[in-house]
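What follows is a single structure, written as structure tokens, with notes after it.
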Amino acid sequence: MYALVDCNNFFVSCERTLDSSLENKPVVVLSNNDGCVVSRSREAKELGIPMAVPAFKYKELFKKHDVQCFSAKFELYNAKSQQVINIAKSFVVDSEVYSIDELFLDLTGFKYINLYDYCLVIKEKIWVEANIPVSIGIAPTKTLCKVANRIVKEFPKDFEGVYILDTPEKIEKALKWLNIEDVWGIGRRLAIKMKDSGVYKAWDLLQKPEIWIRKIMGIHGVRMINELKGIRQLELDSPSPKKSIAVTRSFMEMLTNKEDVRERVETFGMYCSERLRKQNTCCKMVTVFVQTNRFRKDLPEYRNSLTKILPNPTNSSILIGRVVNELFEAIYKEGFHYKRAGVIVNDFVPENARLINLFEEDTQNQHLPVMKAMDAMNKKFGKDKVRLGSMSGKNTFGRSKLSPEYEAFLKNNTLPEANFRFH
DNA sequence: TCTGGGGTCCTAGGACCC
DNA sequence: TCTGGGGTCCTAGGACCC
């Protein structure tokens with residue numbers, strides 16, 4: 001059996017660890033620029049605030065019900081995440097950190113232990129030590145763990161935060177209850193296709209012929225139905241190196257000055273390089289993109305991106321900065337209101353195993369000591385304290401809803417490295 | 001007026017090769 | 001006039017996740 005430990009309304013729960021008076025109140029956490037709702041407390045959900053909606057559309061409702069809004073504080077969330085992960089991991093031999101607020105535990109080999117009681121203890125310890133409420137779903141496959149977890153959250157009164165989905169009878173009942181759009185791996189597009197074909201519940205999917213599933217969903221459709229039947233298709237993954245790194249931002253205000261946008265993308269390029277150096281890899285490809293505000297239909301729209309394959313792999317801020325600049329020059333067009341831009345690097349090789357092109361200049365090794373020194377100083381004195389001349393060191397995104405408690409948190413905490421992966 | 005950010009994987013189609 | 005077949009690799013786009 002596997003268990004899935006999932007933090008309840010994670011970002012909101014993190015806010016509550018700083019300010020316990022937020023308990024039992026409607027609370028939401030907002031994305032960059034205080035743009036979208038990215039986490040909601042139970043009370044906020046009950047007010048009918050959907051996930052990922054633009055905050056401005058709900059201003060009235062927030063005011064009317066005194067909903068507490070917070071800007072996202074990823075330093076805090078990463079630190080709390082690490083705490084939860086460490087506690088949960090201490091109970092098992094094998095685990096997989098799935099996202100910032102979820103991890104799978106391998107319960108194989110716990111044959112003579114009551115899994116339900118064991119998970120209750122895990123849940124309790126996380127609550128006492130990290131102050132984060134979690135739900136735990138136990139099942140023979142990862143996909144069913146997700147289902148079990150949903151059941152816990154949907155019926156909080158019936159279970160004490162833990163549910164085991166093990167017998168065929170329980171599984172059948174659960175799948176007849178679970179809406180198709182709530183199955184792990186069914187997104188918006190697939191949900192529409194499913195409903196067009198009369199598939200409304202997870203159970204309906206199991207009645208469809210494999211040929212049909214293969215056609216509509218491709219290879220993971222087949223895996224998915226097996227997982228739902230309790231036949232294990234997905235193992236726990238061990239942490240794997242990243243395959244791409246992206247730094248992208250929406251700007252608080254639209255930018256019309258070329259140099260302003262250039263400064264932004266160059267900064268994003270430096271952040272990418274920093275993160276490459278942190279994992280001791282170099283990249284072979286760099287992509288830059290810029291785009292206007294897709295919601296402003298009254299303004300001319302433009303979006304473009306360009307990728308360059310580097311002659312030699314690098315993680316030097318200077319070399320990557322040059323490429324970013326070159327790509328930016330090629331795609332930037334005057335006369336538009338830019339709202340978003342980003343830099344993506346991929347195709348990585350280890351720093352110490354670069355294959356060098358004989359016919360191209362390679363200054364990576366000259367840059368590396370300077371770069372590492374810069375990283376060390378920034379680690380000691382704070383982000384962006386030492387930077388390249390092309391960076392302004394200013395943000396063009398806003399976080400207006402920070403709290404005094406947070407300033408205190410930042411002062412008092414040496415933050416652990418983030419240690420989770422995205423899928 | 002105001003609409004996030006960072007990932008992975010799969011597939012179809014084109015380019016190219018023999 | 002008539003114009004093969006099979007394989008690989010790369011890329012862009014679409015789907016999904018949190």
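Convention: sequence-line order gives letters A, B, ...; per-chain numbering from 1.
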Quiz item: So which nucleotide does dC18(B) pair with, by the Watson-Crick or G-U wobble rule with both distances under 3.5 Å?
Solution: dG5(C)

Practice problem: Could you give the distance separating dC18(C) and dC2(B) at their C1' atoms, to the nearest angstrom? | Solution: 25 Å

Quiz prompt | Pi-cation contact, Tyr271(A) with Lys383(A) (under 6.0 Å, within 45°) | solution = yes

Quiz item: In whole angstroms, how far is the P atom of dT3(B) from the NZ atom of Lys297(A)?
Solution: 13 Å

Exercise. Determine: side-chain N/O of Arg303(A) to OP1/OP2 of dG13(C), distance under 4.0 Å, yes or no.
Key: no

Quiz item: Hey, would you say the Tyr118(A) and Phe91(A) ring centroids sit under 6.0 Å apart?
Solution: yes

Practice problem: Answer yes or no on whether Lys201(A) is positioned over the face of Trp203(A), meaning its NZ or CZ is under 6.0 Å from the six-membered ring centre and within 45° of the axis. | Solution: no

Quiz item: Hey, are Lys278(A) and Asp375(A) close enough for a salt bridge, meaning a charged N less than 4.0 Å from a carboxylate O?
Solution: no

Exercise. Answer yes or no: does a side-chain N or O of Lys243(A) lie under 4.0 Å from OP1 or OP2 of dC9(B)?
Key: yes

Quiz item: In whole Å, what is the span from the CZ atom of Arg223(A) to the C1' atom of dT8(B)?
Solution: 12 Å

Exercise. Examine Lys170(A) relative to Tyr163(A) and say whether NZ or CZ is less than 6.0 Å from the centre of the six-membered ring and inside a 45° cone about the ring axis.
Key: yes

Quiz item: Contact class for Leu30(A) (heavy atom, under 4.0 Å): base, sugar-phosphate, or nothing?
Solution: nothing

Quiz item: Taking all atoms of both residues into account, what is the closest heavy-atom pair of Ala88(A) and Leu105(A), and its distance?
Solution: O-CD2, 4.1 Å

Practice problem: Could you please name the option among dG5(B), dG7(B), dC18(C) that lies closest to any side-chain atom of Asn32(A)? | Solution: dG5(B)

Exercise. Report yes or no: is the cationic atom of Lys142(A) (NZ for Lys, CZ for Arg) closer than 6.0 Å to the six-membered ring centre of Phe104(A), at no more than 45° off its axis?
Key: yes

Self-check item: Residue Arg296(A), side-chain atoms from C-beta onward, closest of dT1(B), dT3(B), dA15(C)
Solution: dT1(B)

Exercise. Between His220(A) and Phe11(A), just flag the one whose closest nucleotide in DNA chain B comes earlier from the 5' side.
Key: Phe11(A)

Quiz item: Considering only side-chain heavy atoms of Tyr98(A), which listed nucleotide, dC17(C), dT8(B), dC16(C), is closest?
Solution: dC17(C)

Practice problem: Measure from CG on Asn33(A) to C1' on dT1(B) and round the result to the nearest Å. | Solution: 13 Å

Exercise. Specify the separation, in whole Å, of atom CD1 of Ile309(A) and atom P of dC9(C).
Key: 15 Å

Quiz item: So what does Lys193(A) hit on the nucleic acid, given a heavy-atom distance under 4.0 Å: a base, only sugar-phosphate, or nothing?
Solution: nothing

Quiz item: For Phe295(A) and Arg214(A), take the nucleotide of DNA chain B holding the closest heavy atom to each; which residue's nucleotide lies nearer the 5' end?
Solution: Phe295(A)

Self-check item: Among dC10(B), dT3(B), dC16(C), the one nearest Lys57(A) by side-chain distance
Solution: dT3(B)

Quiz item: Going by the angle between their ring planes, with limits at 30° and 60°, are Phe328(A) and Tyr332(A) parallel, tilted or perpendicular?
Solution: tilted

Practice problem: Select one nucleotide: of dC10(B), dG7(B), dA15(C), the one nearest the side-chain heavy atoms of Ile219(A). | Solution: dC10(B)

Practice problem: Look at the side chain of Ser31(A) and decide which nucleotide, out of dT3(B), dG4(B), dT11(B), has an atom nearest to it. | Solution: dG4(B)

Quiz item: Choosing from dC18(C), dT8(B), dG4(B), which nucleotide comes nearest the side chain of Arg294(A)?
Solution: dG4(B)

Exercise. Indicate whether OP1 or OP2 belonging to dT3(B) is found under 4.0 Å from a side-chain N or O atom of Lys339(A).
Key: yes

Practice problem: Return the nearest nucleotide to the side chain of Ser244(A); candidates are dT3(B), dC17(C), dG7(B). | Solution: dG7(B)

Exercise. Please work out which residues in residues 246-260 of chain A have a non-hydrogen atom less than 4.0 Å from an atom of DNA chain B and list them by number.
Key: Ala246(A), Val247(A), Thr248(A), Arg249(A), Ser250(A)

Quiz item: So, are Glu43(A) and Arg16(A) salt-bridged, with charged N and O less than 4.0 Å apart?
Solution: yes

Quiz item: Across the strands shown, which category fits Asp34(A) at heavy-atom distances under 4.0 angstrom: base, sugar-phosphate, nothing?
Solution: nothing

Exercise. Take atom CZ of Phe10(A) and atom P of dG5(B), then tell me their distance rounded to the nearest Å.
Key: 20 Å

Exercise. Name the nucleic acid region contacted by Ile245(A), choosing base, sugar-phosphate or nothing; use a 4.0 angstrom heavy-atom cut-off, strictly under.
Key: sugar-phosphate

Practice problem: May I have the distance from Lys63(A) (atom NZ) to dC2(B) (atom P), rounded to whole angstrom? | Solution: 19 Å

Exercise. To the nearest Å, give me how far apart CD (Glu96(A)) and P (dC17(C)) are.
Key: 16 Å

Quiz item: To the nearest Å, how far apart are Phe74(A) CZ and dG6(B) P?
Solution: 9 Å

